[in-house]
Protein chains: 2
Amino acid sequence: MKDLIVESAKKYFSRFGFHKTTMEEIAKNIHKSKGVLYYYFKNKEELFNEVLKQELSCIKTELSKIMMSKNDSLVMLKEYILIRLKLLYKTVNYHETLKADFFEKYYFVKDVRDDFTKFERIQLTTMLKKGKDEGYLNVIDIDSTVDVILMVVSGIEIPLFLQNKYDEYEDTIEELSEMIANSLRMQKNKLFQVLLTQKHKQ
Amino acid sequence: MKDLIVESAKKYFSRFGFHKTTMEEIAKNIHKSKGVLYYYFKNKEELFNEVLKQELSCIKTELSKIMMSKNDSLVMLKEYILIRLKLLYKTVNYHETLKADFFEKYYFVKDVRDDFTKFERIQLTTMLKKGKDEGYLNVIDIDSTVDVILMVVSGIEIPLFLQNKYDEYEDTIEELSEMIANSLRMQKNKLFQVLLTQKHKQ
DNA sequence: ATTTGACTATTTCCGTTTTTCGGTCAAAGC
DNA sequence: GCTTTGACCGAAAAACGGAAATAGTCAAAT
């Protein structure tokens with residue numbers, strides 16, 4: 001029953017948004033009385049958060065797969081950024097949470113969003129650490145680099161998702177991910193410095 | 001008289017915002033009748049745009065100075081980004097124009113904003129071209145790289161300016177500018193390749 | 001050419017009324 | 001005992017109409 005409710009809610013929240021969707025219509029859609037929604041969920045906000053959590057959980061799963069691949073960390077980083085934006089673009093309810101930055105009536109999504117940010121921070125930190133250990137990445141302070149990446153990808157969400165510019169900016173996003181990766185690429189001159197020193201000694 | 005009006009308007013718009021500022025109080029501040037405002041400006045929107053234009057004009061002047069410096073293009077690029085954000089942070093009326101992304105009642109600021117973006121595009125393009133010609137920058141497509149930079153710096157304006165996170169993110173911004181510059185840095189391995197070849201021949 | 005201030009038109013504000021909707025829970029159903 | 005219903009309540013939102021405020025106007029004055 002709970003799943004049925006969440007599915008119905010997902011459908012309506014995605015289409016009409018949190019505020020325009022009524023509990024009555026969510027219930028009617030599954031031929032139930034509205035009271036049953038409150039048997040399983042404390043209130044409308046909790047139902048929305050459950051929908052959101054499930055959607056973000058799917059995205060987390062997909063993003064985690066990137067960590068499993070055999071690609072080097074720069075490729076993984078690029079993929080992470082691109083796939084992240086692509087999946088979130090498809091998650092309409094997530095777009096609505098961006099409005100929490102402006103409207104107090106979205107206060108209740110904060111925890112779910114913070115949880116997702118935490119997940120992201122862990123993923124990125126792991127990725128950068130791996131790249132650093134492998135010698136591919138040149139990162140001095142992993143935490144602050146993660147801050148930058150998060151700030152950048154979050155910053156572009158509003159134009160991309162709320163202003164529907166994702167398609168327009170698809171190439172630019174691709175290049176952005178390239179630039180971010182490139183900015184962290186270990187300079188190969190260090191290798192050649194070693195080689196040069198050896199040649200000089202011979 | 002026109003300057004007097006603009007100065008008075010700047011003071012009130014900055015403090016109370018466009019919508020909360022009345023033409024009456026702008027006029028009273030300079031001991032004039034409200035009707036004189038309409039002699040010089042078509043309407044309230046035009047007056048606001050004039051204020052905005054003048055403020056952005058000062059910023060354009062400061063940013064243009066960066067082009068005059070003797071620094072290499074990477075340093076200039078970093079400075080451009082940092083100074084840009086810093087100056088815009090101080091321009092309260094500009095912050096208000098960011099709301100145009102959400103509220104239709106700010107439709108009238110579009111042209112002034114587009115003009116500023118054009119200016120920026122020219123500056124960045126010039127800078128990148130110079131860096132490419134000097135051999136400092138590794139840029140394949142200048143236009144699309146400029147797109148990325150603009151998208152990124154614009155993206156972070158809302159958290160920084162509208163959510164007052166500039167101070168909190170000051171270090172992150174610094175690192176962002178470093179990363180952007182770094183992503184475009186010409187790989188020095190090419191230089192060492194040449195040197196290595198010469199040593200090998202000797 | 002510039003400024004004023006009375007005036008108009010439009011917008012905003014405010015208090016009241018009506019409607020909607022989130023939430024409740026005793027009773028019914030399984 | 002668990003689950004569901006549907007009548008009900010109170011709070012919030014929406015609608016309404018009138019008052020107040022404000023943007024804009026323009027003939028007259030300077």
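Chain A is the first sequence line, chain B the second, and so forth, proteins listed ahead of strands; every chain is numbered from 1.
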Item checked: Whole-Å distance separating the CZ atom of Phe108(B) from the P atom of dA23(D) ->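 Distance, rounded to whole Å: 12 Å.
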Check: Whole-Å distance between dT22(D) P and Lys20(B) NZ?
Finding: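 One finds 9 Å between P of dT22(D) and NZ of Lys20(B), rounded.
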Check: Are any of the side-chain nitrogens in Glu157(A) or Arg84(A) under 4.0 Å away from the carboxylate oxygens of its partner?
Finding: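 Salt bridge: yes.
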Check: Got Leu4(B) and Tyr40(B) here, is their nearest side-chain heavy-atom distance under 4.5 Å?
Finding: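 No, too far: nothing below the 4.5 Å cut-off.
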Notebook entry, point to check: End-to-end bend of the helix from dA1(C)-dT30(D) to dC30(C)-dG1(D) (five-pair axes, 10° rounding)?
Noted result: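 It comes to 30° between the two terminal axes.
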Margin query: Tell me every residue that passes side-chain hydrogen bond (donor to acceptor under 3.5 Å, both in side chains) with Tyr89(A), counting only those two or more places apart in sequence or in another chain.
Written below: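 Tyr89(A) satisfies side-chain hydrogen bond (donor to acceptor under 3.5 Å, both in side chains) with no other residue.
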Notebook entry, point to check: Going by atom types only, do Glu96(A) and Tyr106(A) share a side-chain donor-acceptor pair under 3.5 Å?
Noted result: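 Per modelled atom types, Glu96(A) and Tyr106(A) side chains form a pair under 3.5 Å.
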Distances for protein N/O vs nucleotides 28-30 of chain D N/O pairs under 3.5 angstrom?
none

Item checked: Within 45° cone and under 6.0 Å: Lys32(A) NZ/CZ vs Tyr39(A) ring ->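 Checked: cation-pi criterion not met.
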Item checked: Those residues of residues 44-53 of chain B lying under 4.0 Å from DNA chain D by at least one heavy atom ->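 By residue number: Lys44(B), Glu45(B).
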Notebook entry, point to check: Can you give the first and last nucleotides of DNA chain C, 5' to 3', that have an atom under 4.0 Å from a heavy atom of chain A?
Noted result: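 First-to-last contact on DNA chain C, by the 4.0 Å heavy-atom rule, is dC21(C) to dT24(C).
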Polar atoms only, N or O, under 3.5 Å: list the protein pairs with nucleotides 1-4 of chain D and their distances.
from, atom 1, to, atom 2, distance (Å)
dT3(D), OP2, Tyr39(A), OH, 2.3
dT4(D), OP2, Tyr40(A), OH, 2.9

